[in-house]
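Here the structure comes first, spelled out in structure tokens, and everything after it is commentary.
Letters go in sequence order (proteins before strands), and every chain restarts at 1. Keep in mind that what you see is a predicted model, and the values were worked out from it rather than measured.
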Amino acid sequence: MDEILNRFYEVAADPYKSVEGWKRKTGKKVIGVFPMWIPEEIIHAADILPAVIWRGNEPVTEGHAHLPPFNCGLTRSFVDDAVRGKLDFMDGMVFYRMCLQAVVLRFIIERHAQPQPTYLEHLYLPPVFDRSPCLKEFLIEELETLQRGVEGLSGKEVTVDSLNRSIKIYNENRGLLRRLYQLRRAKPGLLKARDILVMVHSSMLMPKEEHSELLKGILGDLEKKEPPTLVKGAKRVIVSGCLCQTPSLDLLGLIEDSGMAIIDDDLYIGSRYFAIDTDVNGNPIEALADRYMKDEPVCPTKGEWQKNWGDYLIDMVKRNNADGVISLLVKYCPPHLCWYPAVREKLAEAGIPHILIEVEHEVTSLEPVKTRLASFVEIMTGRA
Amino acid sequence: MEQKEYKLNMLHTTMGMGPMVDQHWAELRTAKQRGEKVAWAAGPGFILPYAMKMKCHFMAGYSSYCAGRRCGDQVIEAAESGGDLVDTCSYHKLHTGMFYAIKKGIPIKEEVVLPMPDLMISARLCPEQSHYGEALHQRFGVRVIGIDHPIPRKKEDFPKIEEFVTREHKEILIPVLEEICGKPFDYDELRRILSVLKETALIRNECWEFFKKKPTPWTLWDYGVSLAPVIYMMGKPEGVTYYQKLKAELAERAAKNIPALSPDGEKYRLMWDGWLPWAFLGRIIRKLVRYGALPICGRYPWEFFPHPEAFDPEAEDIIYDLVKQWYSGQEILWHDGPEGAVELNGKLIEEYSIDGIIFFTSKTCRLWMGQQDMMTAIERKYGVPGIIIEGDMVDSRMISDAQIDTRLQALFERIDGIRKRQPF
Ligand code: SF4
Ligand code: SF4
């Protein structure tokens, strides 16, 4: 089990090395895809590895010349990596307008990434305000654009069969990750939150087939294991937010060390990534469009307002019998900033204890957070 | 060296805009009392509710009005007391703040109070505009219609985007307007509004020509306060009259050689790239005037808004015609993206003989992304230097005099340096 876990850590700790290493070993191509809704299956079906773009650990240096300091950490870190040549192993990059900060990325990459990725795409994935046919038809056109683009890059045709096969491979991986989360719910403390996060994050960076095999191995071991007894009185919490970005592992550790057990999460690099499957049917592009058009999990970047993100969280709290919610808000992330008051109001109405922690790319010290987490535990304890 | 004393020559016509704008917002404020329906709108689609005789509020227009009336900080404070966070877009907060203030009875200056809408049209020109719709729907129960406006990344994409946006208007927005107003969509009224708008904009364009004159008889700030008739008060004949008067005054100044800046006109002709700093127009122009500098043109008031002169009010498919001018017609939304912005800024620099650029970047709005790159590209290609000023259009906490002063000084020193090297 430790061996498999170490492998996941190895991949996620240094994606530059692991993704590039995979490319060198296999001689295949890699496309960096921007989080959160680009259907990776289409890229996979062209025999290319879609690697979800990540936030590096280093402080931004040259990137400052291209983006202001009041951009989110992911965009700044990505641009910094790209202009410093750290992403030169990517044969392609795909963006879309999930937020205003993503709009300029292609422009910057086109001018400054050396060497230029062969394939650079900016898709117009529409929001899902309305489920009217014009949105879905436009979306399908965009997915077909992606299909043509990746076919051009790989020289391989994406057929109905190959796409359905990729969809099944992705669905299987999602199913396994859901099994992992069920296990965490059933046996809290069995794995640390950082382990879980690394397991999900590595899925975004590795071929799904390989990741699923490793997952099967570790799940078999975990299902047999008994969890350590949780610290007496540990509070069961849900961690939410952190759109697009890997939360700091140290912060997750701090939450657990402060007398809380993270019982489930509502993070993109977490349960959001694998929450829903794609149907397998005769028209896989349409099935992928249908997956995108779904209103679960409620996504603040998709223009979904028929449903409230707060209600989605409340359901999660109830399902998990949780004591509270911790919102991790990426500093300068407009979709989260704008949605946050509605979420806060909903949680307050439902009487669910809640705390907001703003996270920044350049973390200086977790000390002030520690104090706030301690008082949050007291609040939850006071209610019990 | 003797320091020249510069002084702004104010235009008379622009003084007439205040009362017109006040009347517009007063009519909106009292619309419900007259049984009229009210729409709030972000993005360009609000002309459609106008055609249905709804009273209509336009997000950016209201924001400039509210900030200009020095009420921005007050409404933002109300928004933050209701849970909005400091880094959220100020325009967004002016609206959630208004809702929150009304709901909680927080006093807001009467002249900027808004009536609650029957419908909110959220045109997703920027994703924030859809968040604003989400917030109003989720937190205050407003009915919201969303229209996506993709920002083109390449001109070849215009046709597919135009088709999509036209369908959104016809299939999503118009049926809802018909339902709310209980009548079929009024295409005749839309055509009427567009023809008045076109007439207004054609005269506005003649006024723009005066910016090319050296010294200039007016400033970008004068145009900034004249935006309402072409931007959100469209269809009103008063708009035509206003621009006729403005044109006459400019022509007179040009004939008599009266510059906008006395004694003998501007020393530096500037382009302003970014939102106009509505709450700080006076504060900033005073700083510029001290150096003999004037803002002459800028991407936002030029290309960001409809160029109604490109409409054909008689076009068979009037909705398509409307949508087309945002894309292939006048490339307005193309200039909204970084690729198109570089193209437009270059054109403006040449047409208006620009010496330097101020890139005004808002800490709460990322629409103007790419300005650092644009600045380098422009300097390289046209030899025109630029500076970036970080601030906000409304929120006074985000603007720093010290930063503005140092950067302005650096800009003028660089222009002087360039001039010394090119004495002709
Ligand atoms: S973290 Fe937020 S601001 Fe950053 S790219 Fe994602 S959605 Fe946009
Ligand atoms: S973020 Fe900028 S473009 Fe978007 S609504 Fe706010 S002010 Fe407008």
If one checks every heavy atom of B:Gln371 against chain A at 4.5 Å, the contacting part turns out to be neither

State whether a side-chain donor-acceptor pair under 3.5 Å links A:Asp295 with A:Gln306.
no

In terms of heavy-atom proximity below 4.5 Å to chain B, should A:Lys331 be classed as side chain, backbone, both, or neither?
side chain

Pick one of side chain, backbone, both or neither for B:Lys93, based on which atoms fall under 4.5 Å of a heavy atom in chain A.
neither

Could you look at A:Asn308 and say if it's the side chain, the backbone, both or neither that has a heavy atom under 4.5 Å from chain B?
both

Just give me the residue among A:Pro335, A:Pro69, A:Gly303, A:Ala102 that pairs up with chain B most often, heavy atom to heavy atom, under 4.5 Å.
A:Pro335

Modelled atom types, side-chain donor and acceptor of A:Glu121 and A:Tyr119, under 3.5 Å
yes

Using a 4.5 angstrom heavy-atom cutoff, name the option from B:Val342, B:Ile388, B:Ile161 with the most pairs to chain A.
B:Ile161

Salt bridge present between B:Lys324 and B:Glu331 (N-O < 4.0 angstrom)
no

Is it true that the NZ or CZ of A:Lys346 lies under 6.0 Å from the centre of A:Tyr312's six-membered ring and within 45 degrees of the ring axis?
no

Under a 4.5 Å heavy-atom cut-off, does chain B meet the side chain of A:Leu135, its backbone, both or neither?
both

Quick check on B:Val144 against chain A: is it the side chain, the backbone, both or neither that has a heavy atom closer than 4.5 Å?
both

Counting only non-hydrogen atoms closer than 4.5 Å, does A:Phe70 touch chain B with its backbone (N, CA, C, O), its side chain (CB onward), both, or neither?
both

So for B:Lys154, is it side chain, backbone, both, or neither that comes closer than 4.5 Å to the heavy atoms of chain A?
both

Region of B:Ile151 in contact with chain A, defined by heavy-atom distances below 4.5 Å
both

Measuring heavy-atom distances to chain B, does A:Tyr332 have an atom under 4.5 Å in its side chain, in its backbone, in both, or in neither?
both

Under 3.5 Å side-chain donor-acceptor pair for A:His361 and A:Arg76
no

Might you work through the salt bridge (charged side-chain N to carboxylate O under 4.0 Å, His left out) test for B:Glu80 and B:Arg397, ending with a clear yes or no?
CA-CA 13 Å; B:Glu80 290 178 6; B:Arg397 294 168 299 184; 2.7 Å; yes

Does a side chain donor of either B:Ser328 or B:Glu162 reach within less than 3.5 Å of an acceptor in the other side chain?
yes

Whatever's closer than 4.5 Å to a heavy atom in chain A on B:Ile147 counts as backbone

For A:Leu67, is it the side chain, the backbone, both, or neither that has a heavy atom closer than 4.5 Å to a heavy atom of chain B?
both

Residue pair B:Asp84, B:Thr96: steps toward the side chain to side chain donor-acceptor pair (under 3.5 Å) verdict
CA-CA 8 Å; B:Asp84 274 303; B:Thr96 45; 2.7 Å; yes

If the threshold is 4.0 Å, N to carboxylate O, is there a salt bridge linking A:Asp290 and A:Lys136?
yes

Answer with yes or no whether the side chains of B:Asp392 and B:Ser362 bring together a donor and an acceptor at under 3.5 Å.
yes

Which atoms of A:Thr145 come close to chain B, meaning under 4.5 Å heavy atom to heavy atom: side chain ones, backbone ones, both, or neither?
side chain

Go through the atoms of A:His112 and report whether side chain, backbone, both or neither lie under 4.5 Å from a heavy atom of chain B.
side chain

Out of A:Met98, A:Glu304, A:Glu345, A:Glu141, return the one with the most heavy atom pairs under 4.5 angstrom to chain B.
A:Glu345

Donor-acceptor pair between A:Trp305 and B:Gln138 side chains, under 3.5 angstrom:
no

Regarding B:Glu128 and B:His131, is there a side-chain donor-to-acceptor distance under 3.5 Å anywhere?
no

Under 4.5 Å from a heavy atom of chain B, the part of A:Arg97 involved:
both

Please look at A:Ala65 and chain B and tell me whether the side chain, the backbone, both or neither of the residue comes under 4.5 angstrom of a heavy atom of that chain.
backbone

Under 4.5 Å, counting heavy-atom pairs only, tell me which of B:Met374, B:His137, B:Met369, B:His92 racks up the most with chain A.
B:Met369

Using non-hydrogen atoms only, which part of B:Glu168 is less than 4.5 Å away from chain A: side chain, backbone, both, or neither?
both

Tell me, for A:Tyr340 versus chain B, whether the close heavy atoms (under 4.5 Å) come from the side chain, the backbone, both or neither.
side chain

State, without any angle test, whether A:Thr75 and A:Gln101 hold a side-chain donor-acceptor pair at a distance under 3.5 Å.
yes

If I measure from the heavy atoms of chain B, does A:Pro300 come under 4.5 Å with its side chain, its backbone, both, or neither?
backbone

